[in-house]
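Before any comments, here is the structure.
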Number of protein chains: 2
Amino acid sequence: MYRLTNSFPYLLNRVGVRMGELFSRRIAGYGVTLPMYRVMAALWEIGDQRLGDLAAMTTIEISTLSRLIGEMKRRGLVTRTRLKDNARTVAINLTPKGRTLVEELIPIAIHFEEVAVRDFPSKNILDLKTVLAEIYQSLNSIEPEIEEANKARKAAKAK
Amino acid sequence: MYRLTNSFPYLLNRVGVRMGELFSRRIAGYGVTLPMYRVMAALWEIGDQRLGDLAAMTTIEISTLSRLIGEMKRRGLVTRTRLKDNARTVAINLTPKGRTLVEELIPIAIHFEEVAVRDFPSKNILDLKTVLAEIYQSLNSIEPEIEEANKARKAAKAK
DNA sequence: GACTATCATTTGCAAACGCAATTATTGTTG
DNA sequence: CAACAATAATTGCGTTTGCAAATGATAGTC
């Protein structure tokens with residue numbers, strides 16, 4: 001018998017949403033939203049990114065990200081410059097101010113994660129992370145299959 | 001050295017967002033959004049729920065859910081009735097139409113999940129689910145601790 | 001049994017979001 | 001090299017979201 005509450009997407013989403021809520025509130029006092037933190041931490045890890053790459057890295061929809069970067073630039077956290085050799089792309093970077101801020105936030109993120117998983121053997125968490133990374137990869141390969149199922153349905157309906 | 005892309009919340013969110021996107025598109029042809037599916041599947045599992053309980057079960061913010069239920073009622077998928085004995089709460093239920101629809105969608109959800117995790121030993125997935133459920137529980141217990149850290153920071157700043 | 005506190009839901013409002021269309025630039029090809 | 005296709009980012013627009021305030025209803029208190 002199927003139960004939503006035992007399905008993988010449900011269990012996953014629930015933890016994700018809840019952690020997001022908690023961490024959002026944790027960093028709100030620094031004047032930063034969670035998506036902003038994600039962008040800064042992503043740029044701290046890999047700087048000089050194009051918008052599309054940053055969108056892929058953060059799983060933020062590209063138009064949403066474009067506006068978010070606009071706001072963050074306005075706040076002096078990042079720079080966004082058109083490339084000279086390829087002016088249809090932009091390069092996004094942390095400003096010194098953004099770097100200082102994210103380096104203040106990262107220890108908080110580390111502590112948050114530690115507290116969240118401290119009741120579990122670190123081996124379990126490590127395995128969990130590995131599986132999550134692998135599942136993410138495999139989702140890309142099933143995407144065409146999913147779309148296929150849609151098309152099949154549409155075709156069936158059309159006739 | 002910290003890396004966002006190796007942090008638990010990041011890995012989790014990424015898979016959650018991606019699965020949500022894919023499944024959303026998968027069911028869009030049925031005229032249903034992902035939050036609507038979650039509500040219907042939750043009600044299919046446990047009917048006659050109050051708004052607050054349904055919010056907790058689906059991890060949908062209560063005001064958002066209130067409006068969503070309004071829309072779903074308008075579409076004839078659910079009923080929302082004030083109780084006679086306690087008129088400050090409402091009971092939400094699937095209509096026959098809603099039930100029929102969700103019973104059409106559930107096999108799709110099952111198939112989706114199967115495809116998403118088919119490359120992994122089912123033991124791993126089972127463990128993963130267990131850990132996710134446990135982490136969710138433990139998040140509730142750390143919430144006060146997180147809030148505490150906020151207060152401490154505010155106090156420090158105030159002086 | 002009026003007054004206040006508490007609980008459950010809804011609503012006002014501004015911000016965030018996602019899709020589709022648009023703009024800007026570069027790449028291709030006949 | 002002109003026309004067209006492809007790529008990258010932005011913008012228009014309607015929808016969804018979340019917080020805080022308001023509403024509606026019940027429970028406790030003196």
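Chain naming here is simple, since letters A, B, ... match the order of the sequence lines and numbering starts at 1 in each.
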[N] [atom2] sits how many Å from [X] [atom1], rounded?
| X | N | atom1 | atom2 | result |
| --- | --- | --- | --- | --- |
| B/L51 | D/dA25 | CG | P | 16 Å |
| B/E71 | C/dT11 | CD | P | 14 Å |
| A/I69 | D/dT11 | CD1 | C1' | 16 Å |
| A/E21 | D/dC19 | CD | C1' | 12 Å |
| A/Q49 | D/dA9 | CD | P | 11 Å |
| A/D53 | D/dA9 | CG | C1' | 12 Å |
| A/L65 | C/dA16 | CG | C1' | 13 Å |

Of the listed nucleotides C/dT10, D/dC19, C/dA8, the one nearest the side chain of B/R88: C/dA8
So which nucleotide from C/dT26, C/dT10, D/dG18 ends up closest to the side chain of B/E61? D/dG18
How far does CG of A/N93 sit from CZ of A/R80, to the nearest 0.5 angstrom? 12.5 Å
If you look at every strand shown and take non-hydrogen atoms under 4.0 Å, does [X] touch a base, only sugar-phosphate, or nothing?
| X | value |
| --- | --- |
| B/R67 | base |
| B/T64 | base |
| B/T89 | sugar-phosphate |

Testing B/L12, B/N6, B/L11 one by one against B/F8 for a side-chain contact (heavy atoms from CB on, under 4.5 Å), which residue passes? B/L12
Could you say whether A/L83 or A/L68 is positioned toward the 5' end of DNA chain C, judged by the nucleotide with the nearest heavy atom to each? A/L68
With DNA chain C as reference, determine whether B/R80 or A/I60 sits nearer its 5' end, using the nearest nucleotide of each. B/R80
Taking side chain as C-beta onward, heavy atoms only, is A/M36 less than 4.5 Å from A/I27? no
So A/E114 and A/I110, do their side chains get closer than 4.5 Å, heavy atoms only? yes
What class does the angle between the rings of A/F112 and A/F23 fall in, given that below 30° is parallel, 30 to 60° is tilted and above 60° is perpendicular? tilted
On DNA chain D, check which nucleotide each of B/R82 and B/P35 is closest to and give me the residue with the more 5' one. B/P35
Kindly indicate whether the side chain of A/S63 and the base of C/dC17 share any N or O donor-acceptor pair separated by less than 3.5 Å? no
